Amino acid sequence: MSDQLGVLADRIRAARRLTILTGAGISAASGVPTFRGEDGLWRRHRAEDLATPEAFERNPRLVWEWYDWRRGKLAGCRPNAGHHVIAAWSGSDPGDGSYRGRTLVTDRLKVVVITQNVDDLHVRAGTRNLIRIHGSIWELSCWDTCAKGAAGWRDERVPLDDLPPRCPHCGGFARPAVVWFGEALRTDHLRVALEATACDVFLTVGTSAVVYPAAGLVHDARRQGAFTAEINLEATPASAAVDVALQGGAEVILPRLAELARL
Ligand code: OAD
């Protein structure tokens, strides 16, 4: 493992473009439940009942009860060492003393962070160049996509007063401004994410690598010649395809990598 860590650190140190894809696993050490792990959300709930437009159409209150519960759990969560390393690499100083490594961002290194997570933990860690391809659980939009409500708004109340909450513009139902199964990613997000696969190092962190199009990005990067790496507690469908697969917690491995890769 330490050999592989060293190889990846060397690659990162030499890179001009570093792209990082994160999934629920990066937030696990912050107390955020994952979807497919042992205690994962999809072990107890069916995605079809809670995270599709059809589910909302059928029972908006049930869907909102679940999102309201998740918002309540997330409200007490803080970014962990993994988020802070990525934030520092992206050019930000988290300012809380949790990560003392020098930023990797220099005039010659561009970092793009693509996250599937709807929690705000990368944002709260100060991550720059962040694309949130599945949206944010703290944002709502108009279910009827009325002229003013379609773009969405922020609502951090926990719990929400009335479920389902209403669009402040047209009075119709509001929905969580997240991407549900069966929905397309925003075209600008997809474009930037695909562009970011043209990189020197593509690092995937804490994702089960089964939900597309996110899961395809590492393969796109590899086809274009990137050095590819994965950090995960366990093997995933991507493990055999990447150059380096590191098994362990992101909150442990990323700080070690940061120490080794320090410019
Ligand atoms: P998953 O729950 O599918 O996968 C989380 C991954 O993180 C698993 O492979 C775990 O082994 C790994 N993991 C857990 N703890 C870890 C840790 N401390 N360090 C490193 N890895 C760890 O979550 P995602 O891959 O993010 O989409 O799921 C992708 C999408 O499916 C989500 O964005 C969501 C979900 O359904 C929608 O809701 C549209």
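Remember, it's a predicted structure, so these values are computed and weren't measured experimentally. Both counts, for ligands and for their atoms, begin at 1 and track the order of listing. Only this structure's heavy atoms are used, side chains among them; waters, hydrogens and symmetry mates stay out.
With 3.5 Å as the limit, one finds a donor-acceptor pair spanning the side chains of H83 and S27.
The pair R157-D161 counts as a salt bridge, with a side-chain nitrogen and a carboxylate oxygen less than 4.0 angstrom apart. At a threshold of 4.0 Å, the pair R175-E183 counts as salt-bridged, since one of the basic side-chain nitrogens sits closer than that to a carboxylate oxygen.
Residues with a heavy atom under 4.0 Å from ligand 1: G23, A24, G25, A28, T34, F35, R36, W42, Q116, H134, V179, F181, G206, T207, S208, V211, N232, L233, E234, G248, G249, A250, E251.
Distance alone, capped at 3.5 Å, is enough to place a donor-acceptor pair between the T52 side chain and the A55 backbone.
The aromatic ring centroids of W64 and F173 lie 6.0 Å or more from each other.
By the 30° and 60° cut-offs, the orientation of the rings of W66 relative to W42 is parallel.
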